[in-house]
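The chains referred to below are lettered A, B, ... by the order of the sequence lines, with proteins before strands, and numbering in each begins at 1. Please read these numbers as outputs of a predicted model, since none were measured by experiment.
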2 protein chains.
Amino acid sequence: MRARDGRLDVLLDGGRLPAAALSPGDSLESALARAVDLAVLAHVEQLETRVLEDGSVATAYLGLVSSEADVPGDWRPAAESALPFVGAAQSRLRAKLSYTNLGFALAPATFTISELREVYVAALGHDVSATNLQRVLVRRGVLERVDGRRAPGRTGGRPAALFRFASDRLEVTDEFAALRPPR
Amino acid sequence: MRARDGRLDVLLDGGRLPAAALSPGDSLESALARAVDLAVLAHVEQLETRVLEDGSVATAYLGLVSSEADVPGDWRPAAESALPFVGAAQSRLRAKLSYTNLGFALAPATFTISELREVYVAALGHDVSATNLQRVLVRRGVLERVDGRRAPGRTGGRPAALFRFASDRLEVTDEFAALRPPR
DNA sequence: TCAAAAGTGTTTATAATACACCCATGG
DNA sequence: CCATGGGTGTATTATAAACACTTTTGA
């Protein structure tokens, strides 16, 4: 999946989710590598295993692509997809965006807060305040300033500061307030 | 798994996790039902699918048993188990105890706050304040008072109020503070 | 000098933690 | 009447939301 142009997209292959059969002696990861180009995926995690209508067993993975990676293919709006697993992938993604640093997998390497906001809006499907997004993610140490600023467009405006994610591996950033271990 | 006597236990079957082969035309759930007695499980969820060392593919489930259900069998401390999936099960359980009502699956039908605290301590592996546990869970609407009180033991003490979980199906109770949809 | 876009300051709201203190019981 | 365990009141702290205001730019 990717979050771009205000929308969450799924990459299809012939109208279906990319898939590969698991050969004997094979690992799930190697089968996955046959189905998709792992190099473009900024994050991969296992989603769910289900017996499909035809009796076969499928293990689904959620793979995330940066909004700046120009991956060609049949990208379709996730919201309009009735394919199995897509709904589960969307829910998983939305939840993890809230309590982990998972945004790193959807955002460009460096970005302005406005750009990051667009990614979050696309993935979450609801409005997000740039002000509070910045405050929350910086407070949690998820975002770091990088040098330089993005020049404004033709319509003017103050140049925007650039940020990056402090880590590009999944980390839980919201240690749930309740029931936290004592210090 | 169950949380009892201050410990988190796994039910083993011949030193391994209970398992059943998936026959053709079978659903994962029916295979699961062959491996364990679903009736004693207050909650079941899929955990992870992995290719084992012998090349077979295994889909693991997390099943939770109430601390008052007296399920016979080879219960072993989860902390001491090096079996595959047990670590993942523990992490999943701990995380979900914090942001869902999952406690319902480990606790008795009705209980005092002290009893519930013991269940949480066993499952989380760290101390939990009874005062704050009560406040948080009641505030969130996870716990409800039920009539009656538990009489004190021989050593005295004020009779304890009884509670129950408001729901016995998994619900997310902590809509992560950050990035919540606007009202 | 105005509109646009970014960013900061400050207040308010909400939730959880800490801890002192009060309550009800058995011996 | 005191030890024990349960429960409440309340202050403090942490975190996020809201929003007014300031900054920096292009035209």
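Here C:dG7 is the nucleotide among D:dG7, C:dG7, D:dT25 with the atom lying nearest to any side-chain atom of A:A161. When the nucleotides C:dC19, D:dA18, D:dT10 are ranked by their closest atom to the side chain of B:T131, C:dC19 comes out on top. Looking at the side chain of A:R135, the nearest of the listed nucleotides C:dA6, C:dT17, C:dG9 is C:dG9.
Residue-level contact check: B:S114 touches the backbone only, with heavy atoms under 4.0 Å from sugar-phosphate atoms and none from bases. As judged by a 4.0 angstrom heavy-atom cut-off over every strand, B:A130 is placed among residues making no nucleic acid contact.
Using a 4.0 Å cutoff on non-hydrogen atoms, the parts of residues 143-158 of chain A near DNA chain D are A:P152, A:G153, A:R154, A:G156, A:G157, A:R158, ordered by number.
A:N132 places its CG atom 16 Å from the P atom of C:dT11, with the value rounded to the nearest Å. Rounded to whole angstrom, the span from the CD atom of B:Q134 across to the P atom of D:dG6 amounts to 12 Å. Nucleotide C:dT17 holds its C1' atom 13 Å from the CG atom of B:L133, rounded to whole Å. Following rounding to the nearest Å, B:R140 (CZ) and C:dT14 (C1') show an atom-to-atom distance of 12 Å. Nucleotide C:dT8 holds its P atom 15 Å from the CZ atom of A:R139, rounded to whole Å. The distance between atom CG of A:L162 and atom C1' of C:dA6, rounded to the nearest whole Å, is 12 Å. Rounded to whole angstrom, the span from the CZ atom of B:F111 across to the C1' atom of D:dG5 amounts to 18 Å.
The pair A:E45-A:K96 counts as a salt bridge, with a side-chain nitrogen and a carboxylate oxygen less than 4.0 angstrom apart. Between B:D70 and B:R2 there is no salt bridge, since no side-chain nitrogen of the basic residue lies less than 4.0 Å from a carboxylate oxygen of the acidic one. A salt bridge is defined here as a Lys NZ or Arg NE, NH1 or NH2 lying under 4.0 Å from an Asp or Glu carboxylate O, and B:R150 with B:E115 meets this definition.
Looking at A:R76, its side chain never comes within 3.5 Å of a backbone N or O of A:L12 through a donor-acceptor pair. Under the 3.5 Å distance criterion, the side-chain polar atoms of B:N101 are matched with a main-chain donor or acceptor of B:R169.
Between B:Y99 and A:Y99, the two ring planes are tilted [angle within 30° to 60°].
Geometrically, B:R164 does not engage B:F111 in a cation-pi contact, judged by NZ or CZ lying under 6.0 Å from the ring centre and within 45° of the ring axis.
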